[in-house]
Structure formats: C-alpha cells, structure tokens
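Everything on this sheet refers to the single structure shown next.
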Amino acid sequence: MIKRRIKALLKEILKSRFPEFAELTFEIEKPKRADHGDFSTNLALILQGKTGLKAREIAGIFLEELKKESLFQKIEIAGPGFINFWINSNFYRENLKVILKEKEKYGSLDIGKGRRVHIEFVSANPTGPLHIGHGRGAAYGDALSRILKFAGYEVFKEYYINDRGTQMNILGASVYLRAKELSGEKIAFPEDYYQGEYIKDIAKEALKLYPNLLSLEEEKAIELCRDLAIKMILDDIRNDLENFRVHYDNWYSERSLYERGLVEKVLNLIKERGYIYEKEGALWFKSSLFGDEKDRVVRKASGEWTYFASDIAYHYEKFVKRKYDFAINLWGADHHGYVARLKGALKALDIEENRLQVLLIQMVNLIEGGELKSMSTRRGEYVELKELIREVGVDAVRFIFLSRSHDSPLDFDVELAKKQSQENPVYYVQYAHARVCSLKEKAKERGYNLEEIYEADLTKLSEPEEIEILKKLSEFSDVIELSALGFAPYKIVYYLLELASLFHEYYNKYKIIGEDKELSLARLSLSEGCRMVINNGLRLLGVSSPEKM
RNA sequence: GCCCCUGUAGCUCAGCAGGAUAGAGCGCGAGAUUCCUAAUCUCGAGGUCGCAGGUUCGAAUCCUGCCAGGGGCGCCA
C-alpha cells in the first residue's frame, strides 16, 4: 500500500526529470536493517548505469523533490546510492483507522480489474475416493480462488469430471466382476482393475438396485455398473470437498463435450488448418510444430477419442465460447508432460497460450512415525482425505497444505499436525485471534463501550512494538498482491505467522487494558486491527478464526 | 538420454523480477504466570546458502556445467 504510493511518487519525478526513462523498472523494498529506513529504493543505482551520472547525484535530485511530502518523516541517501525512506508514523495510525472502517474488506484490491478467471482444480477421476494429494490441490485451488477474488478478479471454480474413456470402462468392469463374486461366482480379478474395497460396496449397491444385473447382457451390465460407480464415487468426492470447505461453481462433465459434438467440431477446426493427419489408423495432432517434443494421438485406431482430444475441446470452449480472460489449471506434477501439448493445441487454434496458466502441484509425502507412506489409487493404497481430515481437522490440514509453494514437495507429518500445541503453527495464529476476542470480552466486563475502540486517540500508540505492529498491518495489501500475482497462498501464511508473533510479544510485554482509559482504548483499537487482519487472512486460506480456544 | 521441480542451521522451510552484516519455526539448553487466555513470551548455542565457473560496483538470488533427491517421457488418465 505504502509501497505503491512511494513508487507512484518516484515515477512522477522520473517522468519529469528523466522522461526518456519514464518506464524504468525499479524496486521499492523493505530493508532488512532498521537503520536503512522503512523502505528503500535502488532507483538511482539502476539509473546510474543508464545515464552515466553518479548514483548519489541522481538520488540527490529525487531527494529534493520528495522533501515536501508529508508521508515521509526522513529521507536519506545511503551507501552506493540507495534512497532510504522513513515513514511518518501518523500515516500508520491513520491506516489503523482505515482497517477498523473497512473491516473484512481491508486489504482487498482491484488489480484484477474485474477480469474473468476460470480455475479448474482437483478434477480427480471418479475412480476412487480423494486422497491427500488431491487435498493439497483442493486447498490450493480454493485458497487461490478466494485470494484472486479479493484482489479484484471475477473467479469461476470448476471441477472437470472424466466420466468416459478407458478408465471408466475398467471401473465399470471392476464393479461388475465384484458383483459376480458377491453372488458366489468364482472369478479372477485382473491386476489392472481397481482393487479398493469401495468397489465391493458399489457392487453390493448395484445388485440391490438391479436385481437382474447378472442376467443382463455383459456390455449393458458393465455400463450400468460404470454409471452407478461414477455417481456414487462422485457423491463421495463432492461430500469430502464440502467437508473440506471447498465449493465449486460448476461440475463439468467430459461426456457432455461429446453429447454436444464439440470434440469433433473443434478437432475439425484444427484439421482445416492442416494440423491433423492420419497414421496407422489413428488421428494425430502435429503438436511438434508448436513446441511439443512429438506429435500426439487424438483418436486411437480403435476409433475412441483420447483424453487429450476432450481437453482440447474443453479448453477451446473455456476461451472461445465462454470467453474467460484467463484459465488456471492445477495439475499434479506427474502431468507436466501434458502441458506442452495442450498449449500447442491452443496455439494451433490461435489462442494466446499465456491465457492458460498450468500450476503443477508437487507431491505430498505423508510421514507417519517417521515413515514415508506411498500411494496408488489403482492398488488401493492411499490415505484418504476424509481420514486425514477426521484425524487432524480441516483448519490444520488446510493451513499445512497452504504453507508451501505449489512447486515444492510437501512433507506432511501427521503426528505434528494433530498436536494442539506450539509445534502446530495454525493454532499460533488462531490463538492470537482468540486472545483479542477475549480482550474485548474483558473490556466489556470492565465497563468499556466497545464502540469507543473505533474513536480511540491513536497518538497514544508510541511504543516501538506498537509502531512495529502498525507497520505490519499496513503491509497486508502488499502481501495480497504478491500472493495473487504469484499464485502463492503461502505468502499469506507466512505473513499471518509474523503478525501473530508480533501480537503475542506485544501482549506479553504490555498491559492492554490498564489504568489509563485513553491508552487502553488505543491499545484495544490496535488489537482489534490485528484481529481483523488475521481474520481476513485466515478467511482467504479457508481457515476458521475461533473466538475462544 | 531428454524435460520439469527441489537442494539455505540437527529437522521443516522463508528469503531468489540482484542490493547493504543470511532469517523463522521446531528440536536442544536456561528462564518468565499474585497481573487481560502459558496453545504465550524472554535469552542462548547452531550456517563452506549442494559443488565449480561466469555476468555485475554488488550473487543465496541471474547464466553455464556438474553432483544429489523426486516426478515425467504410452494409440494411459
């Protein structure tokens, strides 16, 4: 927030004094050391290389122009030519008033300018329950959606259901075989079929729903089993996600692409452009022309369309028919080989490839008792998301999943996550929130009118820790911006930990509610500001803000 | 072999659109509660930023090569 203001001021001067470099990019940063000011810029150092003037000389020019700004308490030229700024602390006090006024809107931005963003995440095949890897994608996609919305984008969340294709047929056949087995038939269950116990539950249900299932023609029976399995598994997935506080705007069926003939239509478009050819009975897309390492099959010799073909049609629709400005896909890192071919297809359709952002989510390693657990849906070996949530709780699971960038692998230590203690960071942040709530209760008991908090005389806040907290609060919107532009919810996680830490220190050192009523009100006001910002941050992560702990 | 991600304190990780003397949490050691929630706080020990070059006034950050770990290279999804 202040950063943007300083940058704007500097740009103005740049425009008038160095018009040829009006578009120069430079940094406003928060120095590590306090004696380098609240903010500093390398502007003069960068300009030095471009103009041949000495950096400190250039800095002097800016200094003259900035002197009169009331935002600054002091400006200094330091070292090789840094300009260091000290902000007038009244500015920070004013900002607290802004927080108290804007409440849950504080920190929101309009950098999205209402642009429409489509975000697709999880999209797990309905072949089995969600496991913890899906959970990471779910938490990430949901938090990112909330953050982008807060930053001024119009966000649409979608789950793409792969409800046709080879895997679905294997799923149907798996259920059918289990149904046979249940009715006493001796069967051999192939290795590449779905092994999980849930298949038997679905088989049981199938026999209940269709008592004559086994006397039907096999193809028909498998189809019934398949559709029932998809429905039951999808219900389970939907249920898990709801419990995980993840809600979609739409669930999109792959099958519907075919029912509307869209796949054929879009592939024809590509064919008309000459990028489709036939070889060995299959249809190939010339993705190698668009940066992929080789060409890819869109329709197998068997006549069946590949998953890739559906995806081309789906994305064509996202951009051309549904007209989203951007689309974000969250995929497991094991799909990375897929990115080039999909982007290639977009290029072939004259769709700007940067409108699609694919975020690859790295693996989750589940650690239990120091042991690494491996997972495979096919083998029926995995830790289910619902199990993890039941053991650990939604707040802790989400917080931990969101504490890393999507491209870092994540070690999830179940025992640590379950601990309701200092080792578990989520409670550290929540505890700060609960503490403020408790303070307000205490104040009420002592006869304070809580409305007065909003009118407090903030000049009473002058302890270094108080100024420190005020500064931190003013950084919130900068964090939102970084988090939104970098698709990085973890930046909010770190910010909240820092803010909570400052508040806990402050709370331990100073009496918030004391003898001096004016001072107490000012401190309550500061505490309430912390609470609101923590609440806003946690809400963006989809983590609750408890009033009592 | 090729492609992507990762390598920073004992452990888990920030910092990486170059910037001034490398940070946090956990763990470890020592302490704090007659007082607003101790799920808190204070102090301490702990580092060749994987290795080697290069670019630069300046590199944990950018480039190249190498090493190590993970993932991917199907008419699978």
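We name chains A, B, ... by the order of the sequence lines, and we start the count at 1 in each one.
The gap from the P atom of B:G31 to that of B:C36 amounts to 24 Å, rounded to the nearest Å. Nucleotides B:U42 and B:C66 are separated by 46 Å at their C1' atoms, to the nearest Å. Look at the C1' atom in both B:G23 and B:A68: the space between them is 25 Å, to the nearest Å. Using atom C1' as the reference point in both B:C16 and B:U8, the two lie 11 Å apart (nearest Å). The C1' atoms of B:C5 and B:G50 are separated by 16 Å, rounded to the nearest whole Å. Across the C1' atoms, B:A17 and B:C2 are found 29 Å apart, a figure rounded to whole Å. To the nearest whole angstrom, the two P atoms, one in B:G46 and one in B:G10, are 11 Å apart. Between B:C11 and B:C3, the two C1' atoms lie 31 Å apart (nearest whole Å).
For the atom pair CG (A:L43) and CG (A:L14), the distance works out to 6.0 Å, reported to the nearest 0.5 Å.
In this structure, A:M168 places its CE atom 15 Å from P of B:C76, rounding to the nearest Å. The interatomic distance linking A:E481 (CD) with B:A17 (C1') rounds to 13 Å, in whole Å. The nearest whole Å value for the distance from the CG atom in A:L342 to the P atom in B:C4 is 18 Å. Rounded to whole Å, the distance from CD1 on A:I512 to P on B:U37 is 11 Å. As a whole-Å value, the separation of A:L496 CG from B:C13 P is 20 Å. For the pair A:L497 CG and B:A39 C1', the computed distance is 14 Å after rounding to whole Å. Look at CD on A:E505: it is 11 Å from P on B:A24, rounded to the nearest Å. Atoms CG (A:D334) and P (B:U6) sit 17 Å apart, rounded to a whole Å.
Residue contacts shown for A:K511 include a base, since a base heavy atom lies under 4.0 Å away. Counting any heavy atom pair closer than 4.0 Å across all strands shown, A:K509 reaches no nucleic acid atom. No contact: A:Y448 has no heavy atom under 4.0 Å from any strand. Across all strands, A:N169 comes closer than 4.0 Å to no nucleic acid atom at all (heavy-atom distances). Using a 4.0 Å heavy-atom distance criterion, A:D407 is classed as a sugar-phosphate-only contact. Counting any heavy atom pair closer than 4.0 Å across all strands shown, A:E547 reaches a base atom. Residue A:L283 is classed as having no contact, given no heavy-atom separation below 4.0 Å to the nucleic acid. Within 4.0 Å of A:A443, counting heavy atoms only, lies no atom of the nucleic acid at all. A:Y490 comes within 4.0 angstrom of the backbone, heavy atoms only, and of no base. A:R299 comes within contact range of no nucleotide atom at all, as no heavy-atom separation falls under 4.0 Å. A:E293 comes within 4.0 angstrom of sugar-phosphate atoms only, judged by non-hydrogen atoms across all strands, and of no base.
Between the base of B:C75 and the side chain of A:E280 there is a donor-acceptor pair shorter than 3.5 Å. A donor-acceptor contact under 3.5 Å is not formed by the side chain of A:N42 with the base of B:A20. No hydrogens or angles were tested; on distance alone, a donor-acceptor pair under 3.5 Å links the side chain of A:S40 to the base of B:A20. One can find a donor-acceptor pair under 3.5 Å joining the base of B:G71 and the side-chain atoms of A:H336.
The residues A:E518 and A:K460 are annotated as not salt-bridged, no charged nitrogen and carboxylate oxygen being separated by less than 4.0 angstrom. One finds a salt bridge joining A:R4 and A:E481 here, because a Lys/Arg side-chain nitrogen approaches an Asp/Glu carboxylate oxygen to under 4.0 Å.
The number of heavy atoms from other shown groups lying within 6.0 Å of CD (A:E515) does not exceed 12.
Picking from B:C36, B:C75, B:C41 the nucleotide with the shortest atom distance to the side chain of A:R446 gives B:C36. Nearest nucleotide to the A:P80 side chain, out of B:A77, B:G19, B:U37: B:G19. For A:K300, the side-chain atoms get nearest to B:A77 when compared with the rest of B:A77, B:C36, B:G15. Picking from B:C41, B:A20, B:G71 the nucleotide with the shortest atom distance to the side chain of A:N84 gives B:A20. Side-chain proximity of A:S408 to B:C76, B:A14, B:C75: nearest is B:A14. The A:D411 side chain lies nearest to B:U12 when the options are B:U12, B:C75, B:G72. For A:N508, taking side-chain heavy atoms from C-beta onward, the closest of the listed nucleotides B:U37, B:G71, B:C41 is B:C41. For A:Y431, taking side-chain heavy atoms from C-beta onward, the closest of the listed nucleotides B:G15, B:U40, B:C36 is B:U40. When the nucleotides B:G15, B:C13, B:A77 are ranked by their closest atom to the side chain of A:Y494, B:C13 comes out on top.
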- Message: Quick one, A:F285 with A:Y277, criterion ring pair (Phe, Tyr, Trp, His ring centres under 6.0 Å). Give me CA distance, side-chain angles, the key distance, then yes/no.
- Response: CA-CA 7 Å; A:F285 165 57; A:Y277 62 92; 9.4 Å; no
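Figure legend. B:C51 is base-paired to B:G65; pairs are counted as Watson-Crick or G-U wobble with both atom distances under 3.5 Å. Under the Watson-Crick or G-U wobble criterion, with both distances below 3.5 Å, B:G18 is left unpaired in every strand shown. B:C13: Watson-Crick or G-U partner is B:G23, with both key distances under 3.5 Å. Here B:C75 sits opposite no nucleotide as a Watson-Crick or G-U wobble pair (both hydrogen-bonding atom distances under 3.5 Å). Shown here, B:A38 forms no base pair; nothing in the strands shown gives a Watson-Crick or G-U wobble contact with both key distances under 3.5 Å. Across the strands present, B:G44 finds its partner in B:C28; the criterion is a Watson-Crick or G-U wobble pair with both atom distances under 3.5 angstrom.
The side chain of A:Y428 contributes an N or O atom lying less than 4.0 Å from OP1 or OP2 of B:C41. OP1 or OP2 of B:G74 lies within a sub-4.0 Å distance of a side-chain N or O belonging to A:K294. Using a 4.0 Å cut-off, some side-chain N or O of A:K491 falls inside it from OP1 or OP2 of B:G15. Under 4.0 angstrom from either OP1 or OP2 of B:A38 there lies at least one side-chain N or O belonging to A:R435.
Relative to the six-membered ring of A:F26, A:K7 meets both conditions, a distance below 6.0 Å and an angle of at most 45° to the axis. Within the cation-pi definition used here (under 6.0 Å to the ring centroid, within 45° of the axis), A:R435 qualifies as a partner of A:Y507.
Residue ring and base: A:F82 counts as stacked with B:A20 (centre distance below 5.5 Å, interplanar angle below 30°). Stacking between A:H335 and B:G71 is absent: the aromatic ring centre is not both under 5.5 angstrom from the base six-membered ring centre and within 30 degrees in plane angle.
Looking only at distances, a side-chain donor or acceptor of A:R255 sits under 3.5 Å from a matching main-chain atom of A:D163.
A perpendicular orientation is assigned to the rings of A:Y193 and A:F189, their planes being inclined by more than 60° (bins at 30° and 60°).
A donor-acceptor contact closer than 3.5 angstrom links the side chains of A:E463 and A:Y510.
In terms of position along RNA chain B, the nucleotide closest to A:I46 lies nearer the 5' end than the nucleotide closest to the other residue of the pair A:G337 and A:I46.
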